[in-house]
2 protein chains.
Amino acid sequence: MREFKRKARVLLIDDNADHLRGVKELINIETSYDVVGTTTSANMGINLVKKYQPDLVLMDINMPEKDGLQAIQEIEKLELGTKIIALSGYDDADLIFRAMKIGAKGYVLKTMASAQLIYAIDEVLNGKVYLPSALSSRFFEYFQRTFKEESASRSEENLLDYLTTREEEVLDLLTQGNNYKAIAAKLFISETTVKTHVNNIFQKLQVNDRTQAVLYALNNGFANKVRAKISA
Amino acid sequence: MREFKRKARVLLIDDNADHLRGVKELINIETSYDVVGTTTSANMGINLVKKYQPDLVLMDINMPEKDGLQAIQEIEKLELGTKIIALSGYDDADLIFRAMKIGAKGYVLKTMASAQLIYAIDEVLNGKVYLPSALSSRFFEYFQRTFKEESASRSEENLLDYLTTREEEVLDLLTQGNNYKAIAAKLFISETTVKTHVNNIFQKLQVNDRTQAVLYALNNGFANKVRAKISA
DNA sequence: ATTGATTTAAATCTAAAGATTTAGAGAATC
DNA sequence: GATTCTCTAAATCTTTAGATTTAAATCAAT
């Protein structure tokens, strides 16, 4: 599991100096990785990433000065392939979700056993994404809740269902920012016909103008609906 | 782990009759759960769910007749609180992602050890979401790839960055479907001023009308941007 | 102190959007 | 065969929307 061509280089960022020392010693004693730097400042950490280009960063995300999540995003923007494991005191689902969303390859609680942290480091350095099962469970619940609302609002009464296929085509072109002339050209019909369709769409969606129609469509899964029809 | 007030009721759906029998025996021998029904047809499975209202459904998602994912969605729509574990022969990231997205509480490969399946059933019946770590790794890679594109296009050149705060407020109201008059009223400024702002927004976003402006905003993380400022 | 950016505002004009009515042709339903 | 639905189209009219120019007040920064 833990064979590397060269010793993997690790950078530690944690505003708690005690915890920082503890993790550093843990890595030095229990693994063959090199701790190339430690810092209690997120901003300094970003500079050290640029300087040392470590393979892995352990990032505390509960820091007062700068948000650790923001720091992760900035490191990701550098596109150095730096792998990041978020360290946190909280198993808050929203935090976990946001960390993973912006590209963290792992998320470990500070209260977890040292072996858990080392295992996570090993896995991530081996190119995997690792979340302890207790946390991945949290993540998935949050994930499903997030996507549930979409399908829930879609299951109620979706005014989009009343549209005819032609009206769907017109609305699709509306959601791409086309005006009457462009829609007429693309559908090979007259501009007045397009106006008729658009007005009917407004009636059915109970809106007053194209912007509202487009917003309704986007907020009620129109794109998914159209793509589903195309792929079916 | 495996204490229930009443014996949990399980329904098996798998077009492979042999596999179906095998899983049924496995559950009968190794667990205390009741297999209340088995079927090789997805449509029949949905009917059986309505009839028996099982606690858990094991759903094969690689069936010829009907797509297992679609069947999962239909069961979810019934809102009976039925927990579903997807069974599949493939560890395809897209399949895993889609299954979890529509509400599957687990995803287990047919090639996995029996113990793995039983563990997944236990966990899910205990209210958890369970993905074997090999598969959750796949899931997360897919998840991050999906969200990466968003932040990537955001990191390039985001024309939204050139907007002034007032212009952001106006655009925010545009993305809610307001016309000039409504925006003027909400910002306590004249309609002509709003027009000026809107025209400046068009220039900066390089678009021709409000619909395109709204679409640009939504496709480039405008909502997130505004909310971030508010919460900061 | 002056420059530059932002916010405000008005006037004017053209173009586009939206509302409403009417209507014919074809397909599907009953 | 009659009816309903969909797609097509035009005419007319009113209302927004959008382009362009000009300009005053405010404010931050050099």
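Chain letters run A, B, ... following the sequence lines, proteins first, then strands; residues in each count from 1.
- Ion pairing between a basic and an acidic side chain is recognised when a charged N comes within 4.0 Å of a carboxylate O; B:K110 and B:D60 show such pairing.
- Under the 4.0 Å criterion applied to side-chain N and carboxylate O atoms, B:E74 and B:K77 are not assigned as salt-bridge partners.
- The interatomic distance linking B:E167 (CD) with C:dT6 (P) rounds to 7 Å, in whole Å.
- One finds no salt bridge joining A:K181 and A:E191 here, because no Lys/Arg side-chain nitrogen approaches an Asp/Glu carboxylate oxygen to under 4.0 Å.
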Base-contact (B) and sugar-phosphate-only (S) positions in nucleotides 8-27 of chain C, heavy-atom cut-off under 4.0 Å, - elsewhere:
BBB------BBBB-------

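- Atoms CD1 (B:I183) and P (C:dT7) sit 15 Å apart, rounded to a whole Å.
- Aromatic ring orientation, A:F143 versus B:F139: perpendicular (interplanar angle above 60°, classes split at 30° and 60°).
- For A:D55 and A:K83, the salt-bridge test fails: no basic side-chain N is under 4.0 Å from an acidic carboxylate O.
- Atom pair B:Q212:CD and D:dA17:P shows a separation of 15 Å (rounding to whole Å applied).
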